[in-house]
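Each ligand, and each atom within it, is numbered from 1 in the order the structure gives. Sequence positions, counted from 1, serve as the residue numbers for this chain. Atoms considered below: every heavy atom in the structure, side chains included; atoms not considered: hydrogens, waters and symmetry mates.
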Amino acid sequence: MPTFLSIDLGAGSGRVIAGSLVSGKIGLQEIHRFDNPGTDLPGGSFWDILGLFREIQEGLRLAASRFDDIVAIGIDTWGCDHGLLDAHGRLLGLPHQYRDPRHEGMPEKMHALMPEPELYRHTGITTNFYNSAVHLFAEKQLDSPALKNADRLLFIPDLIAYWLSGKMAVERTIASTSQLLDPATGEWSWKVIDAFGLPRRIFGKIVAPGTVLGPLREEVRRATGLGGVPVVASASHDTAAAVAGIPMEGGDQLWLSSGTWSIMGLETRQPIRSDAAFAARCCNELGVDGSVRFLKNIAGLWLIQECRRQWALEGADLGYAELVALADAAEPFRAFIDPDDPVFSAPGDMPGRIRDFCRRTSQCVPQSKGEVLRVATESLALKYRVVLDSFRQLSGKDFPRLHAGGGGIQNAALTQATADACGIEVLAGPVEATSCGNLIVQMIATGHLPDLAAGRRLIRGSFDFQTYQPRQSGDWEKALGRFRGILA
Ligand SMILES: C[C@H](O)[C@H](O)[C@@H](O)C(=O)CO
């Protein structure tokens, strides 16, 4: 049975997943899972990129021992982060994490060189702390030897693909998270690159998702036992992969990719760079098959993951099911936070910050773990509603349903709260939207599927989907009024 391998790296953990085509369905098997902890060192917050590569090779080795018909391999990762390489293809230092505080103070300096509305007209991306443009600009301000000596920039999935195949390429969906790309042409925006004084030479050729890069390098073949399996530049940004993996039919559908980030958006054919879109701080990233992901990033399960991490440090190691049960048992609608307030963006004492926010905004201060989690869960659902309303306004369309995919949909309390707060049906599935998207792009690239629509039909027929109907409740409408009041 033809089997495809999806290497899916999130900003917390990574997996190698095998997707086999059996009797007209995709069967998934998780082959290897590993942590991806960022590490704070003098000089910044970094990714352990060599450790990740070792884990990936281990996953490939395990896959080779289980499957004898491996057709292709594709990589997807979180957005924005990158490595710099010299002219010999050697990595110049550890890649920084996008939460590295070096972004602080940069937007003001950038906007002095190119005002944000103009930047938006060129790139379709508002300035956000995580964008590659901000971090490269910081690197430039620090007179970084890596940047000075760099010959090539590769985003994290491009770097892994290079280490696996020996072929360098910049894949378009991941490049579109940089704030350095023109979303209409899908090519680099030289005006922006020049305005920030970044060296043109590091921005190499951009390839479309689904480009076959080449077979595994000899060294990787020896380390894993795999043969010359081709590496495909898949939908390399995990959100692009997730959107490809959510089976929507027809244009302009509303989707939610639910994970560490909750990303809500529309799948469109053209970027939207109007003043209204800029004011709503919506971004245009690129998707599979020439599509545009018109979207808004919302701080998603990050809030809950960081609460969990903090409580584990304090000695309470709680599983996600326990966290959901605690939130369920707490009293509803006591207080709200803006999940996207900058105070929540860095790792740290999230329960303490949630309490501080409530105190600062003169609301009830949640005390117990359940109360804190309830505040986070309801606030997320309400933020989805606010974002949905801005999409309604910007597009002049109403949306009958929200297509939600990704690991976050397993939090049934949050998914039901999403339906309730948004007042629309949520069609939830698949949990593995990202890997599914990554896999179908490989299947298209290798001639096993004709196109994206066929891939989405395959996914629809392969997995269970759950429908959440909105429960009629005036309480959510009242809560929405209070929530809007605390938004900055
Ligand atoms: C900064 C985030 O990584 C990015 O914007 C988001 O789209 C993502 O990749 C979530 O995994």
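- Annotation: E285 places no N or O atom under 3.5 Å from an N or O atom of ligand 1; distance criterion only.
- The aromatic rings of W78 and W47 lie tilted to each other, with the angle between the two planes from 30° to 60°.
- Between F129 and Y98, the ring planes lie tilted relative to each other; the angle falls in the 30° to 60° range.
- Contacts between W78 and ligand 1, counted as non-hydrogen atom pairs separated by less than 4.0 Å, involve both the backbone and the side chain.
- Of all protein heavy atoms, the one lying nearest to atom 2 (C) of ligand 1 is W261 NE1, 3.5 Å.
- Shown here is E187, whose CD atom has more than 12 heavy atoms of other residues, nucleotides or ligands within 6.0 Å.
- Of the N or O atoms in T239, one or more lie within a sub-3.5 Å distance of an N or O in ligand 1.
- A donor-acceptor pair shorter than 3.5 Å can be found between the side chains of Q179 and T127.
- Between E116 and R281, at least one side-chain nitrogen of the basic residue sits less than 4.0 Å from a carboxylate oxygen of the acidic one, meeting the salt-bridge criterion.
- Aromatic pair Y130/W261: ring centres closer than 6.0 Å.
- Atom numbering of ligand 1 starts at 1 in the shown order; those under 4.0 Å from a heavy atom of Y130 are 1 (C), 5 (O).
- Inclusion of C80 in the set of residues having an N or O under 3.5 Å from an N or O of ligand 1 is not warranted.
- The distance between the ring centers of F294 and F391 falls below 6.0 angstrom.
- Only the side chain of I263 comes within contact range of ligand 1, with a heavy atom under 4.0 Å; no backbone atom does.
- The closest protein non-hydrogen atom to atom 11 (O) of ligand 1 is D238 OD2, 2.7 Å.
- The shortest N/O to N/O separation between T77 and ligand 1 does not fall below 3.5 Å.
- The nearest heavy-atom contact from the protein to atom 4 (C) of ligand 1 is N297 ND2, 3.9 Å.
- Between D389 and R392 there is a salt bridge, since at least one side-chain N of the basic residue sits less than 4.0 Å from a carboxylate O of the acidic one.
- Protein heavy atom closest to atom 3 (O) of ligand 1, with residue, atom name and distance, is G79 N, 3.1 Å.
- Not a single heavy atom of T177 sits closer than 4.0 Å to an atom of ligand 1.
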